[in-house]
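Residues: numbered from 1 along the sequence shown.
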Amino acid sequence: MELKFSKELEEYRASAIKWIQNEIPEWWHDYVERVSDRKRYEEFTKGWDSKLFKAGYSGISAPKEYGGQGESVLKEMLFEEELGRADAP
């Protein structure tokens, strides 16, 4: 038995990966560089939630009537998994 996500979910994952790669700067992946400039670190992390919201990645599975995207829990899980893989804030 082979378990796979649907084509729609795989496309969603691919678009999430692309967005994450575009939004996380290269210096973020180097821990020493990340913590060496506290001001840059704080500015980036403060703006992170705003970036998620503007891109539609905030409240992915929350109902639309409560300000969410109204998408499936699987889409939220895939996005969160990719954030972890990218060591996102």
Side-chain angles (χ1 to χ4, degrees):
M1 175 193 265
E2 189 174 340
L3 300 175
K4 288 185 171 184
F5 289 112
S6 68
K7 183 178 179 181
E8 175 193 0
L9 288 173
E10 287 299 344
E11 288 171 355
Y12 182 81
R13 181 196 297 265
S15 68
I17 290 169
K18 184 177 180 179
W19 183 85
I20 292 166
Q21 288 173 343
N22 287 335
E23 294 301 323
I24 297 179
E26 196 60 39
W27 59 264
W28 182 263
H29 301 293
D30 181 339
Y31 179 76
V32 173
E33 192 172 343
R34 186 189 315 177
V35 298
S36 66
D37 187 341
R38 191 71 184 168
K39 184 177 179 181
R40 177 176 65 175
Y41 174 88
E42 288 174 358
E43 286 174 4
F44 179 70
T45 55
K46 279 182 185 176
W48 185 246
D49 286 335
S50 237
K51 286 182 179 191
L52 290 172
F53 180 78
K54 287 177 185 173
Y57 290 119
S58 182
I60 295 169
S61 65
K64 287 184 178 184
E65 57 267 25
Y66 296 109
Q69 302 299 318
E71 296 287 353
S72 72
V73 173
L74 279 175
K75 282 187 176 181
E76 184 161 7
M77 182 217 50
L78 287 173
F79 186 73
E80 294 295 333
E81 184 177 75
E82 295 306 329
L83 284 177
R85 192 182 323 273
D87 192 29

Trainee: Give me the atom names and distance for the closest heavy-atom approach of Ser72 to Ser61.
Mentor: O-CB, 3.8 Å
Trainee: Excluding sequence neighbours, so at least two apart, what forms salt bridge (charged side-chain N to carboxylate O under 4.0 Å, His left out) with Lys51?
Mentor: Glu23
Trainee: Out of Glu11, Glu8, Glu10, which one pairs with Lys75 under the salt bridge (charged side-chain N to carboxylate O under 4.0 Å, His left out) rule?
Mentor: Glu8
Trainee: Give the minimum heavy-atom separation between Ala16 and Tyr57, together with the two atoms involved.
Mentor: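 Reported closest heavy-atom pair: CA-OH, 3.6 Å.
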Trainee: Taking side chain to side chain donor-acceptor pair (under 3.5 Å) as the cut-off, I'd like each qualifying pair that reaches into residues 40-50, sequence neighbours left out, listed once.
Mentor: Arg38-Glu42
Trainee: Which value, rounded to the nearest 0.5 Å, describes the distance between Phe79 atom CZ and Gln69 atom CD?
Mentor: 10.5 Å
Trainee: List, by chain and number, the other hydrophobic cluster members for Met77, where Ile, Leu, Val, Met, Phe, Trp and Tyr join if side-chain heavy atoms come within less than 4.5 Å, directly or indirectly.
Mentor: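 Listed partners: Phe5, Leu9, Leu74, Leu78.
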Trainee: By side chain to side chain donor-acceptor pair (under 3.5 Å), which residues pair with Asp87, not counting sequence neighbours?
Mentor: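 For Asp87 the side chain to side chain donor-acceptor pair (under 3.5 Å) partners, ignoring immediate neighbours, are Arg34.
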Trainee: Can you hop from Ile17 to Trp28 via hydrophobic side chains spaced under 4.5 Å?
Mentor: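 Unlinked, Ile17 and Trp28 end up in two clusters.
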Trainee: Glu76 and Ile60: which non-hydrogen atoms are nearest, and at how many Å?
Mentor: N-CG2, 3.7 Å
Trainee: Can you name the salt bridge (charged side-chain N to carboxylate O under 4.0 Å, His left out) partners of Glu81, sequence neighbours left out?
Mentor: Arg13, Arg85
Trainee: If the condition is ring-ring contact (aromatic ring centres under 6.0 Å, His included), which residues does Tyr12 pass it with, not counting sequence neighbours?
Mentor: none
Trainee: So how far is it from Glu82 CD to Gln21 CD, rounded to the nearest 0.5 Å?
Mentor: 9.0 Å
